Novice: 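Structure provided below as structure tokens; questions to follow.
Residue indices begin at 1 and follow the sequence shown. Just so it is clear, the model here is predicted, and its values are computed rather than measured.
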Amino acid sequence: MITTHPFDDDKLREECGVFGVAGAEDAAAMVALGLHALQHRGQEAAGITCRNNGQLYSHRALGPVAGNFDSQEVMGKLQGDYACGHVRYSTTGAGTLRNIQPLEADLASGGFAVAHNGNISNALRLREELVRNGSIFQSTSDTEVIIHLVAMSKYRTLLDKFIDALRQVEGAYSLICMTSEGMIACRDPLGIRPLVMGRLGDAYIFASETVALDLVGAEYERSVEPGELIVVSNGELRSHRPFGSGKARPCIFEHVYFSRPDSIVDGNSVYSVRKEIGAQLAIENPVDADYVIPVPDSGTPAALGYSEKSGMPFELGIIRSHYVGRTFIQPGDGVRHLGVKLKHNANKPLVNGKKIVLVDDSIVRGTTSLKIVQMMREAGAAEVHMRIASPPTMHSCFYGVNTPEREKLLAAMKSVEQMCEYIQADSLAFISIDGLYRAVGEETRQDIQPQYCDACFTGAYPTPLTDQDGKGHTDQLSLLNEQVGSKDKPVLTEQVG
């Protein structure tokens, strides 16, 4: 049968990636290149929507960008100077063609398309209300809720309708929207999901990560601010802040795993932060061993940092094959255990007889860690110590990261000692939450209002979780209004977008 590779099963799934070009010739071709750079954020599906003479044209396909957006037949239909795209790993909604983004609809004001990175945590409740009021949904994606809220809004302009819609949603979102008049890019008021802006000549570029700007030759300008809404039309950029101002809570796991190491997140080099995480890990959890070995590829920068701080040599004790896709064929139970070696294999001459420190980014279910420890034992390792470059993952994420239910998270069910016994390591240790914050440049984590969203480690969710807790809707903006006072309460702009 065909099954997901066992190493892929034990990772927090990348959310999604978005990329937009406003005001450049062959915008769709540029979007396709940008999506290549964001492919690590989702390999399940990809889509591009472009604007040509006020009309929207789209192409969506299951699978990666390559093979779907490299033919003249496809790209010849995507002409225009404005375009946005999306790579998807499904966090809500099945992985079917109708859920591939950008989602598009014809509104009274014209065509409207949305590419969304994040998750609307009250989408089910909103969907039920919309259906009762006559809305007919075409997908199972939470993103479609935004389109219906825009369509149902009583405000006059499209921009005001859009702001009205966003005031009703909870959770996390970075959005790039195409309209018949231009492009809208925005982040949720807490900035949980990333979104950056760059320039390429007279064009404005928006992307989930700076690495996508690099690929198309755009100059990074800044992050889209939490709660900021940017409208680009006729070559003019306007910035609106209709949601007031409050304390940002960007996802700290972008630094640990999601973002590419060559990206800049929140002003910090992801690669440098991951090396510093490894250094903090070595300070907090030293061990006497011969080698520091990364679990490739996500554990490599942290392992380098651990090696430098501890003085132990860095070695490649696990060799990864880069020619294995996300799925493989298992002919039968007799060779099922061999599947793990399709992607990772022990460097036996190096490992044999040695005490080793394995550095990985996280432990989710624990199945990967168990297989890797067993692999090192079979290769002759004398001792196997595991060091993890994040705190224990004890809570599910509801902001665009596909995590298992809490009872399937190893750290939620077992103590560190029990986890160590489960993965059959000689020792197991995680970086502390304060150590992680020090690695990203903070002195310590602020308990009352943390600087980042770290809910997967602490359970401190920054927004209500209506669909999960059943406690009813609480506008996440009310949390911000309490902080900033009535003078900064959200108002609609009434400006035409």
Side-chain angles (χ1 to χ4, degrees), residues 12 14-15 17-19 37-38 40-41 117-118 172 174 187-188 190-198 205-215 218-228 246-284 294 297-309 359-362 388-391 397 399-401 430-446 449-458 462:
L12 297 182
E14 299 90 338
E15 317 112 54
V18 295
F19 191 90
L38 300 174
H40 60 287
R41 300 184 74 90
N117 172 211
S174 284
R187 288 176 79 187
D188 65 77
L190 298 178
I192 299 174
R193 299 267 65 88
L195 190 64
V196 298
M197 181 175 71
I205 316 291
F206 300 95
S208 292
E209 294 184 37
T210 60
V211 67
L213 302 179
D214 297 338
L215 184 62
E219 189 74 22
Y220 168 68
E221 287 210 333
R222 64 179 178 87
S223 292
V224 176
E225 295 297 324
E228 184 180 16
K247 187 172 182 179
R249 294 281 296 276
C251 172
I252 200 167
F253 212 80
E254 291 285 346
H255 293 287
V256 175
Y257 176 67
F258 291 135
S259 293
R260 265 179 46 166
D262 44 345
S263 280
I264 297 172
V265 175
D266 303 322
N268 293 320
S269 159
V270 174
Y271 178 78
S272 297
V273 167
R274 288 179 187 169
K275 284 190 66 177
E276 184 58 30
I277 289 174
Q280 292 291 330
L281 188 57
I283 293 171
E284 294 181 351
D297 289 318
S298 55
T300 300
L304 283 168
Y306 195 102
S307 170
E308 290 179 4
K309 179 58 69 172
V359 179
D360 203 356
D361 59 271
S362 61
I388 306 300
S390 63
C397 176
Y399 300 124
V401 181
F430 297 78
I431 192 172
S432 68
I433 190 68
D434 281 338
L436 179 59
Y437 270 75
R438 284 191 290 272
V440 296
E442 303 287 346
E443 291 185 7
T444 186
R445 178 183 186 269
Q446 298 174 9
Q449 290 184 333
Q451 304 93 311
Y452 288 86
C453 177
D454 53 24
C456 55
F457 307 131
T458 66

Novice: Tell me if a side-chain donor or acceptor on Arg249 pairs with a main-chain N or O of Gly191 at a distance below 3.5 Å.
Specialist: no
Novice: Give a yes or no on whether the backbone of Asn268 and the side-chain of Asp266 come within a donor-acceptor separation of less than 3.5 Å.
Specialist: no
Novice: State which residues pass ring-ring contact (aromatic ring centres under 6.0 Å, His included) with Phe457; sequence neighbours excluded, sorted by chain then number.
Specialist: Phe253
Novice: Walk me through it: do Ser269 and Arg274 pass the test side chain to side chain contact (heavy atoms under 4.5 Å, CB included)?
Specialist: CA-CA 9 Å; Ser269 159; Arg274 288 179 187 169; over 6 Å; no
Novice: Please report the closest heavy-atom contact between Leu195 and Ser174, naming both atoms and the distance.
Specialist: CB-OG, 3.7 Å
Novice: Can you sort out the partners of Glu228 under side-chain hydrogen bond (donor to acceptor under 3.5 Å, both in side chains), two or more places apart, ordered by chain and number?
Specialist: Arg222, Ser239
Novice: Does the side chain of Ile205 come within less than 4.5 Å of Phe19's, by heavy atoms?
Specialist: yes
Novice: Kindly indicate whether the side chain of Pro391, heavy atoms from C-beta on, has any atom under 4.5 Å from the side chain of Ile431.
Specialist: yes
Novice: Could you tell me which residues satisfy ring-ring contact (aromatic ring centres under 6.0 Å, His included) with Tyr220, sequence neighbours excluded, listed by chain and number?
Specialist: none
Novice: Only counting residues at least two apart or in another chain, list the ones meeting salt bridge (charged side-chain N to carboxylate O under 4.0 Å, His left out) with Glu276.
Specialist: none
Novice: I want to check something: taking the side chain as every heavy atom from C-beta on, are Leu436 and Tyr452 in contact at a cut-off of under 4.5 Å?
Specialist: no
Novice: With sequence neighbours excluded, what pairs up with Ser263 under the side-chain hydrogen bond (donor to acceptor under 3.5 Å, both in side chains) test?
Specialist: Glu209
Novice: Should Glu284 and Lys309 count as an ion pair when the cut-off is N to O under 4.0 Å?
Specialist: no
Novice: Listed by chain and number, what are the side chain to side chain contact (heavy atoms under 4.5 Å, CB included) partners of Glu221, not counting sequence neighbours?
Specialist: Met197, Arg199
Novice: With a 4.5 Å cut-off on side-chain heavy atoms, are Cys456 and Val401 touching?
Specialist: no
